Amino acid sequence: MTLRLLLGDQLNSNHSWYQEQRDDVLYFMAEMRQETDYVKHHIQKVVAFFRSMRSFSDALQAKGHTVIYYQLDDPINQQNLSKNLSTLIAQKEIKKFEYQLPDEHRLDTQLKDFCSQISIKTAFYDTEHFFTSRNEVKNFFSSKKQFIMEYFYRDMRKKHDIMMLTQKDPEGGQWNFDQNNRKKWTGSPKIPLAYQNHTTVTDIVSLLNKEGVETIGTIDTNQFNWPTSRTTAIETLQYFCEHLLIHFGDYQDAMHSKQQYLFHSRLSFAMNSKMLHPREVIQSVIHYWREHEQEIHISQVEGFVRQILGWREYMRGLYWAKMPEYKTLNKLNNTNKLPDFYWTGNTKMNCMHHAITQSLETSYAHHIQRLMITGNYALLTQTDPNDVDQWYLGIYIDAIEWVELPNTRGMSQFADGGLVATKPYVSSGSYINKMSNYCKSCHYKVSKKSEDDACPFNALYWNFIDEKQDFFKNNHRMSMMLNMLHKMDKDKLTALKIRAHHITQNPNSY
């Protein structure tokens, strides 16, 4: 008898394991405190994983496979992966243990250690999900000092023949339509409602409460609106193609106080749990575009493909190339604590209030809200990247460490010193005002700099540039800002720094 482990983010129904039904194979899945407690997760994240795992188990059994599934309160559930596996192997007289390669370093290490301690045969397999192998990105950048995503993205387009006219020439005459993807949404075009799923999850929420699992955020137990099965994931993808793709690229960076999703697909959880394969997502979007090329511009499609084929694969490769050291990097030596309002949304800064409150209510924020609002503030206030990682890893439904860590510690917090980003992604209030309507109804004035009612981002920005100037003095992409700093009136800079220091020391007053 062979025991095959399935983790909560390995819900790939098209994996080769399932091509034949075998009587000598047991599949094992478990809801465990090991996974609910390693960070304080958003309640919607825990619920989404448990509901999706249960749906996947049911689907496997319907196809004739034998599944042993431990719910969280199962009396025989020891709440630890290694302990559960050891007991099962003994009880079922297992002769071979097999698993799919985990995408998190901690689980990879745990399973390697486990296999080294048991006496039966073991084997591991690819999850058959990503375009790339674990080490492909590492090998691609082996002779380069920086991991520039654009070069990798172009190589992926060629290698997988995605949106290519010839082997060397991209469709549309250019590789990247990023300049087209920066429009501010001001009320039109009209945004359709997000795809409505409305799963009832009262049973899982009651289970979490009964077992005392600590979570953050809120949930509507009767109208849970994330895809938690292969069927609803496909429906969500189809809805995106039919209703949202037409304007996705234009407004993918936009933010608005009355819109939580805009034209975003809400597919990240379905992909990161592997209910959807990135190839089928890309193919579906491109197929729909080909049938509607008169209505949908190539920039809408390329912007979407770039996030999945480029950024997603690139971040995973970077994670495996640099772990476990990457998790400890803090090149800017930032040590301040994350303000309390990250857990409540109670702040007078309107952009922060909306981005955080939305995150607490939906377990979702799109990449610019994460990068240029909450991440921007954390970096400008020189927050310890460990604190920032814990918050991002816990609050977002799609946050699994392989994708969260390089995006947060690298792209957002520049803690890797520039391996991912060629410059820190920081801005004053002007960028936020350019891309959103947040500033219009804010307690603070984006046009003011150091006054009591001035936007905190303005003073924090120049204080950050000043305090970190030695680190950035050889970065050509920062030269213009450093020149502006050096030409700034000394009294003006002093006033900005005094206000910035007061904000940093008294964050919960703002």
Side-chain angles (χ1 to χ4, degrees), residues 145-149 318 322 325-339 342 349 351-352 367-368 370-392 405-432 434 444 446 448-450 454-507 510:
K145 292 182 179 179
Q146 281 189 311
F147 281 48
I148 306 297
M149 193 278 288
L318 174 70
K322 297 300 178 180
E325 293 80 13
Y326 200 83
K327 196 172 183 176
T328 67
L329 297 180
N330 186 4
K331 296 290 188 179
L332 295 178
N333 296 315
N334 291 336
T335 58
N336 289 326
K337 290 300 171 187
L338 200 67
Y342 272 77
M349 292 177 284
C351 59
M352 293 290 285
H367 61 287
I368 296 299
R370 301 187 200 194
L371 181 65
M372 299 308 300
I373 304 295
T374 52
N376 185 16
Y377 184 87
L379 181 53
L380 290 178
T381 53
Q382 300 173 48
T383 303
D384 189 327
N386 288 324
D387 284 5
V388 184
D389 273 331
Q390 290 290 298
W391 187 78
Y392 278 92
L405 186 66
N407 269 296
T408 301
R409 191 166 290 250
M411 183 72 171
S412 172
Q413 299 305 295
F414 208 77
D416 63 7
L419 182 65
V420 175
T422 54
K423 68 176 182 65
Y425 278 82
V426 289
S427 77
S428 64
S430 60
Y431 174 83
I432 299 169
K434 177 184 177 182
Y444 299 104
V446 70
K448 295 187 177 182
K449 307 303 179 186
S450 58
C455 171
F457 281 86
N458 294 337
L460 289 169
Y461 177 79
W462 285 110
N463 179 68
F464 175 84
I465 299 297
D466 180 60
E467 293 199 359
K468 305 299 182 183
Q469 61 177 298
D470 284 346
F471 189 90
F472 296 120
K473 62 185 178 182
N474 296 319
N475 185 323
H476 73 279
R477 294 201 66 194
M478 294 295 289
S479 59
M480 183 176 74
M481 303 315 298
L482 290 174
N483 287 335
M484 291 177 66
L485 174 74
H486 297 151
K487 293 176 181 178
M488 187 179 293
D489 178 82
K490 300 302 180 186
D491 290 340
K492 179 180 178 181
L493 179 59
T494 298
L496 288 166
K497 289 181 67 64
I498 289 172
R499 177 161 171 78
H501 289 161
H502 188 270
I503 295 167
T504 303
Q505 295 302 311
N506 305 277
Y510 285 84

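By convention here, the first residue in the shown sequence is residue 1. Just so we're clear, the structure is a prediction, and the values are computed from it rather than from any experiment.
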**OP:** Please work out which of the three classes, parallel, tilted or perpendicular, describes the rings of His502 and Tyr510, given edges at 30° and 60°.
**Re:**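 Answer is perpendicular, since the angle exceeds 60°.
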**OP:** Hey, can you tell me if Tyr342 and Trp391 have their rings parallel, tilted or perpendicular (30° and 60° cut-offs)?
**Re:**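 Perpendicular: the ring planes of Tyr342 and Trp391 meet at over 60°.
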Can you measure from [atom1] ([X]) to [atom2] ([Y]) and round to the nearest 0.5 angstrom?
X: Leu496; Y: Phe464; atom1: CG; atom2: CZ; answer: 15.5 Å
X: Ile368; Y: Ile373; atom1: CD1; atom2: CD1; answer: 9.0 Å
X: Asp416; Y: Asn330; atom1: CG; atom2: CG; answer: 11.0 Å
X: Thr383; Y: Leu332; atom1: OG1; atom2: CG; answer: 11.5 Å
X: Met372; Y: His367; atom1: CE; atom2: NE2; answer: 11.0 Å
X: Ile432; Y: Met352; atom1: CD1; atom2: CE; answer: 8.5 Å

**OP:** With sequence neighbours excluded, give me every salt bridge (charged side-chain N to carboxylate O under 4.0 Å, His left out) pair touching residues 494-507.
**Re:**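 Residue pairs with at least one partner in residues 494-507: Asp466-Lys497, Glu467-Lys497.
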**OP:** Report yes if the distance between the aromatic ring centroids of Tyr425 and Phe414 is under 6.0 Å, otherwise no.
**Re:**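 Judged by ring-centre distance (under 6.0 Å), Tyr425 and Phe414 do not meet the cut-off.
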Original post:
Is the distance between the ring centroids of Tyr431 and Tyr461 under 6.0 Å?
Top reply: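 Here the rings of Tyr461 and Tyr431 have centres that are no less than 6.0 Å from each other.
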Measuring only between side-chain heavy atoms, which start at C-beta, is [X] closer than 4.5 Å to [Y]?
X: Lys322; Y: Phe147; value: yes
X: Ser427; Y: Asn376; value: yes
X: Leu318; Y: Leu419; value: yes
X: Pro424; Y: Met478; value: yes
X: Met349; Y: Tyr377; value: yes
X: Thr504; Y: Leu460; value: yes

Subject >> Stepwise side chain to side chain contact (heavy atoms under 4.5 Å, CB included) check, Asn463 with Ile503 >> reply: CA-CA 11 Å; Asn463 179 68; Ile503 295 167; over 6 Å; no
**OP:** Take Gln413 and Asp389 through the side chain to side chain contact (heavy atoms under 4.5 Å, CB included) test and state the conclusion after the steps.
**Re:** CA-CA 9 Å; Gln413 299 305 295; Asp389 273 331; over 6 Å; no
Considering non-hydrogen atoms only, spot the tightest contact between [X] and [Y] and give its length.
X: Ser412; Y: Gly375; answer: OG-CA, 3.4 Å
X: Gly429; Y: Phe457; answer: N-CB, 3.7 Å
X: Val446; Y: Lys449; answer: O-NZ, 4.5 Å
X: Ser428; Y: Asn458; answer: CB-OD1, 3.3 Å
X: Ala378; Y: Val388; answer: CB-CG2, 3.9 Å

**OP:** Show your reasoning for whether side chain to side chain contact (heavy atoms under 4.5 Å, CB included) applies to Asn334 and Asp384.
**Re:** CA-CA 5 Å; Asn334 291 336; Asp384 189 327; 5.8 Å; no
Original post:
For Asn386 and Arg409, does a side-chain donor sit closer than 3.5 Å to a side-chain acceptor?
Top reply: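 Result is yes, a qualifying pair exists.
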Original post:
Going through the distances and angles, do Lys327 and Leu405 end up as a side chain to side chain contact (heavy atoms under 4.5 Å, CB included)?
Top reply: CA-CA 7 Å; Lys327 196 172 183 176; Leu405 186 66; 4.0 Å; yes
Original post:
Any chance NE2 of His486 has more than 12 other-residue heavy atoms, nucleotides or ligands included, within less than 6.0 Å?
Top reply: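 Count over threshold, so yes.
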Subject >> Over 12 foreign heavy atoms within 6.0 Å of NZ, Lys423 >> reply: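 Buried by this count: over 12 neighbours within 6.0 Å.
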**OP:** State which residue, out of Thr408, Asp387, Thr374, fulfils the side-chain hydrogen bond (donor to acceptor under 3.5 Å, both in side chains) condition with Tyr392.
**Re:**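 Going through Thr408, Asp387, Thr374 one by one, the side-chain hydrogen bond (donor to acceptor under 3.5 Å, both in side chains) with Tyr392 is satisfied by Thr374 alone.
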